[in-house]
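Read the structure below first, then the notes.
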Amino acid sequence: MARLELDGKTYELPVVVGSEGERAIDISSLRKDSGYITLDESYGNTGSCISNITFIDGEKGILRYRGIPIEELAEKSSFVEAAYLLIWGKLPTTEELSTFSALLTKHEMLHEDMRFHFEGFPPNAHPMAILSSMINATGCFYPQVLGDGHEQFLMQAARLISQVRTIAAFSYRKSLGLPNIYPKPTYKYTANLLHMMFSEPYQDFELLPEIVQALDLIFLLHADHEQNCSTATVRIVASSKANLFASAAAGVCALWGPLHGGANQAVLEMLEQIHQSGDNGSKFIEQAKVKNSGKRLMGFGHRVYKNYDPRARIIKKKCDQLLAALSKKDPLLDIAKRLEEAALSDSYFTERKLYPNVDFYSGIIMRAIGIPINMFTVMFAIGRMPGWIANFKEILESLDGHISRPRQIYNGPQDNHYIPIGKRK
Ligand code: CMC
């Protein structure tokens with residue numbers, strides 16, 4: 001129990017302890033008992049749920065999906081297997097994995113009428129706008145799967161994970177004015193995405209295993225990250241009993257911003273800008289340290305990690321391996337490494353515990369694969385889909401069933417009155 005003294009009264013508040021020893025004070029009866037609410041504007045100290053999916057220890061730089069360290073999954077698993085683990089809470093047997101893979105293949109085609117929706121977007125529309133609109137539209141094409149129940153949920157989850165990839169590829173092709181390439185059922189998940197993006201009707205894209213593995217790893221590393229901005233959004237939308245497609249579409253919108261998933265695009269833009277200006281990075285670092293300069297070292301810092309993001313370490317290694325395998329040299333990788341080195345020996349960054357996050361090196365891998373910058377955040381969204389679905393499922397199955405609805409402290413005018421328009425100053 002925690003004890004809180006307010007206005008001469010003592011309130012006892014239960015302490016909740018998670019399976020990894022994380023502690024929270026349960027204030028759910030505080031307002032009823034005392035009339036007070038708590039205030040925590042950007043939720044830095046607020047636990048919004050008890051979840052069994054993903055554990056992060058930001059101080060120690062630990063990330064685990066369903067208890068399994070991200071390093072183990074990165075080395076031994078695949079994106080589709082990790083998706084199963086996140087959504088169903090356990091590693092699949094051989095049979096379960098092949099059934100799940102078969103379902104993904106079965107649902108990879110979009111409803112043919114969805115083609116016309118793509119035609120309605122202007123050629124320069126951002127693919128994240130197309131992605132969120134088309135995910136929501138998908139729900140309209142399959143109303144039969146929108147009901148409750150295990151079977152329906154399975155169909156929705158498989159359709160969403162599978163089709164988000166087809167939508168992404170079609171929006172990329174649309175932005176270049178190229179004909180759509182339909183999925184090939186013989187290809188595995190990530191290979192199929194690359195095929196739909198980069199093959200031509202007259203020539204298949206060469207699926208180098210190093211490229212397929214690197215992109216699959218990026219998806220796996222992005223697959224869940226507990227209560228970040230987009231996942232919290234998905235949970236809030238789901239709590240109103242909106243369907244999975246609507247909830248995931250909202251997640252895409254939340255992910256888009258440069259402080260969240262949009263950071264991978266912003267990192268590459270920053271590195272290109274530094275490269276073109278001839279700066280070795282030191283000028284940019286100085287600007288990023290000035291509070292109102294409008295600049296931040298993108299790909300650095302994290303609300304939860306106050307240590308090196310474990311995903312960044314894995315991605316950095318993969319980045320070196322991929323460029324070596326493709327015999328490519330990328331000046332932006334050199335700039336990124338110089339920036340990292342400079343920031344990690346600068347007291348501004350060390351005192352604030354700002355380290356590279358998942359987005360710092362992922363863009364260099366995607367650039368080496370040939371994915372254009374404006375598709376980077378779409379790749380993040382494809383990867384995050386299983387996490388959103390797993391969190392949606394937790395809400396669906398929660399016994400509580402309450403709608404998420406924060407309170408506020410009102411600080412606006414009091415005793416204001418309506419003034420007829422002619423008498424207003
Ligand atoms: N460059 C320079 N200064 C920074 C940076 C940065 N990247 N990040 C934080 N700071 C400073 C910030 O100005 C503040 O300084 P002060 O204490 O003097 O006011 C202090 O560090 C704390 O920052 P904050 O904005 O209060 O921290 P936050 O937890 O609200 O924000 C963050 C976390 C990720 C939004 C922020 O670090 C940031 O904007 N980073 C750059 C964008 C980025 O890479 N985002 C991707 C996050 S990882 C992918 C994902 O999960 O979305």
Side-chain angles (χ1 to χ4, degrees), residues 40-46 53-59 61-63 65 70 128 218-235 251-271 273-274 281-316 336 339-340 342-366 373 376-388 391:
D40 180 21
E41 282 200 44
S42 47
Y43 309 129
N45 295 287
T46 297
I53 305 168
T54 289
F55 172 69
I56 301 177
D57 183 329
E59 268 67 36
I62 291 174
L63 167 62
Y65 295 165
I70 194 68
M128 284 296 272
I218 286 191
F219 289 155
L220 181 147
L221 294 175
H222 284 84
D224 195 39
H225 212 235
E226 56 122 291
Q227 300 313 310
N228 53 82
C229 177
S230 55
T231 303
T233 300
V234 168
R235 285 185 85 112
V252 172
C253 294
L255 186 73
W256 190 357
L259 296 190
H260 189 13
N264 55 14
Q265 174 170 345
V267 169
L268 243 280
E269 285 163 355
M270 171 188 80
L271 294 175
Q273 193 193 326
I274 294 173
S282 50
K283 225 192 295 159
F284 190 91
I285 292 229
E286 288 312 310
Q287 288 170 336
K289 285 159 42 178
V290 178
K291 202 158 193 60
N292 296 320
S293 66
K295 300 227 156 95
R296 276 190 167 197
L297 184 53
M298 300 311 285
F300 252 71
H302 198 277
R303 171 61 64 81
V304 181
Y305 291 119
K306 302 301 165 202
N307 201 327
Y308 213 99
D309 179 338
R311 303 167 300 173
R313 189 170 283 119
I314 299 168
I315 288 187
K316 185 180 177 187
L339 281 177
E340 180 188 335
L344 294 184
S345 55
D346 186 316
S347 60
Y348 173 92
F349 292 91
T350 51
E351 276 164 17
R352 289 170 179 75
K353 299 195 162 96
L354 301 170
Y355 293 89
N357 60 48
V358 69
D359 294 317
F360 197 63
Y361 288 104
S362 63
I364 296 172
I365 294 189
M366 291 194 265
I373 290 185
F376 285 7
T377 316
V378 171
M379 297 297 131
F380 192 152
I382 295 175
R384 186 53 55 86
M385 203 50 78
W388 290 339
N391 277 274

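The model shown is predicted, which means the values in this text are computed figures rather than measured ones. Counting starts at 1 for both ligands and their atoms, following the listed order.
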### Query
More than 12 non-hydrogen atoms from neighbouring residues, nucleotides or ligands closer than 6.0 Å to OH on Y348, yes or no?
yes
### Message
Exactly one of N357, L63, I70 should register a side-chain contact (heavy atoms from CB on, under 4.5 Å) with D309. Which one does?
### Response
N357
### Summary
Expected contact list for ligand 1 at under 4.0 angstrom, heavy-atom basis, is P258, L259, H260, G261, A263, A288, K291, R296, L297, M298, G299, F300, G301, H302, R303, Y348, R352, L354, N357, V358, D359
### Message
Going by the rule side-chain hydrogen bond (donor to acceptor under 3.5 Å, both in side chains), which residues pair with N45 if we only count those two or more places apart in sequence or in a different chain?
### Response
none
### Task
Assess the side chains of T54 and D224: does a donor N or O sit below 3.5 Å from an acceptor N or O?
yes
### Message
If I compare all heavy atoms of F360 with all of E340, which pair ends up nearest, and what's the gap?
### Response
CE2-CB, 4.1 Å
### Message
Is it the case that the side chains of T46 and D40 hold a donor-acceptor pair, with the cut-off being a distance below 3.5 Å and no angle test?
### Response
yes
